[in-house]
Amino acid sequence: MTKTIFKLLILLTFISCSKESSDEESAPAQAMYFPPLTGSTWETKSISDLKWNQNAVQPLLDYLELKHSKSFIILVNGRIVLENYFNNHTATTNWYWASAGKTLTSTMTGIAQQEGLLNINNKVSDYIGTGWTSELLVQENQITCKHLLTMTSGLDDSTDDVDPASLVYKADAGKRWAYHNVYVKLQDVVAKASKQTWENYFNTKLRDKIGMNGSWVQLGVNSVYTSTTRSMARFGLLMLNKGKWENNTILNESYFTEATTTSQNINLGYGYLWWLNGKANYHLPQSQLTFPGSVIPTAPNDMFMALGKNDQKIYVIPSKNMVVIRMGDAADDVNLALSDFDKTLWEKINALYQ
């Protein structure tokens, strides 16, 4: 009897050790990877390793090339699964983010708040002074930084100009959702609050901390970020990890959660300058119509997105530990941040792993 018990104990110990060994071997495959801040090293993961459908890769790449793409990246757990460049674009070529870069402004606003430099619930005029619009002072003083983050300033959205004469009252702040270039005033808020230039504060607090390259350029009335595709992917990876880069908190999780959650009750598909998938309804730019259902019905419901003109895309999918990047020219004649391209592209991506 004693010998039997002894044998059972040995067997259980062996099973336990085997399980621990197995867990240790499988853990690195599941662990999140962050590329070094400098150099071109970036770990990869193959389609076969993921047990994805290799036959779905070429149709996806053919579609991307057909639709005037310049670059495309898929990350899973931070590792590159697909990285492709088209039409003479390269890994070292910078390209503009267009309105996908609004999410950088959102992130920087959160960083400035966590440093105690500003409070998004305070009125914009607390930081940049009064008279930044042509509204009555009582109307202007209703507009908080949060209203700019959520596109609910109430200012007339018929122009992209942000000089005071162009910022005209349309509704009380918080009562109307309208996609408006006035969000860019948050860059002035951050600059004033930090007592630095916008670009210097951005570079110090975000860009350099996650190894991005790139710079801000002024295109007409628009402040636009340009970078390599991998730099865009780095930012997507940061947001996949709720504002953390390895063990460093770049953006605190509470603000991240607010930014990627429905921010008001008018457009359920919008956070703090982030688009949100999987909500009951949504609005589109230049429209006051409410559209039922998910922004991209073919994509995962938990996805949040940075969407820019001419189909600049950052898709972040927490349930799949995935980041997808697309840069390029407009896929179709429609040049809005959101287009039919998204729906078909996600059908092609789904075919990789379904």
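FYI, the numbering just counts along the sequence from 1.
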Trace of the side chain to side chain donor-acceptor pair (under 3.5 Å) decision for W97 with S227: CA-CA 8 Å; W97 291 36; S227 79; 2.8 Å; yes
So which atom in A331 and which in D311 form the shortest heavy-atom distance, rounded to 0.1 Å? N-OD2, 2.9 Å
Looking at F256, Y270, Y315, which hits ring-ring contact (aromatic ring centres under 6.0 Å, His included) with F304? F256
So K67 and F341, do their side chains get closer than 4.5 Å, heavy atoms only? yes
Using the side chain to side chain contact (heavy atoms under 4.5 Å, CB included) rule, take S215 and T226 through it: C-alpha gap first, then chi angles, then the decisive distance, then the call. CA-CA 6 Å; S215 60; T226 65; 3.8 Å; yes
Looking at CE of M303 and CG of D342, how far apart are the two atoms once the value is rounded to the nearest 0.5 Å? 7.0 Å
Is atom NZ of K242 surrounded by more than 12 heavy atoms (other residues, nucleotides or ligands) closer than 6.0 Å? no
Honestly curious: do Y272 and L268 fall in one hydrophobic cluster under the side-chain, below-4.5 Å linking rule? no
Looking only at side-chain N and O atoms, does Y179 offer a donor or acceptor that is under 3.5 Å from a partner on D157? no
What one should report as the nearest heavy-atom pair of W275 and P285 is CH2-CD, 3.8 Å
In Å, rounded to the nearest 0.5 Å, how long is the span from CD1 of I314 to CD of Q312? 10.0 Å
I'd like to know whether CG of N121 has more than 12 heavy-atom contacts from other residues, nucleotides or ligands below 6.0 angstrom. yes
Heavy-atom distance under 4.5 Å between the side chains of N122 and Y127, does that happen here? yes
dist I120:CD1 -> L148:CG (nearest 0.5 Å) comes out at 10.5 Å
Could you please spell out the steps behind the side chain to side chain contact (heavy atoms under 4.5 Å, CB included) verdict for L64 and R326? CA-CA 9 Å; L64 287 162; R326 187 270 185 187; 4.2 Å; yes
Would the distance check show the side chain of Y33 and the main-chain N or O of E43 forming a donor-acceptor pair, the cut-off being under 3.5 Å? yes
So OG1 of T152 and NZ of K146: to nearest 0.5 Å the spacing works out to 9.0 Å
Would you please indicate yes or no on a ring centroid separation below 6.0 angstrom for Y85 and F72? no
So do F235 and T103 actually touch side chain to side chain, heavy atoms under 4.5 Å? yes
Would you please test F86 and K70 for side chain to side chain contact (heavy atoms under 4.5 Å, CB included) and show each step? CA-CA 5 Å; F86 313 88; K70 290 187 176 293; 5.7 Å; no
Side-chain heavy atoms nearer than 4.5 Å, only ILVMFWY residues, links allowed to pass through others: does that put I266 and L289 together? yes
Would you kindly check if the NZ (Lys) or CZ (Arg) of K348 is within the cone defined by 45 degrees around the ring axis of Y63 and under 6.0 Å from the six-membered ring centre? yes
Rounded at 0.5 Å granularity, tell me how far CD in E199 sits from CD in Q187. 9.5 Å
Does atom NZ of K244 have more than 12 heavy-atom neighbours from other groups under 6.0 Å away? yes
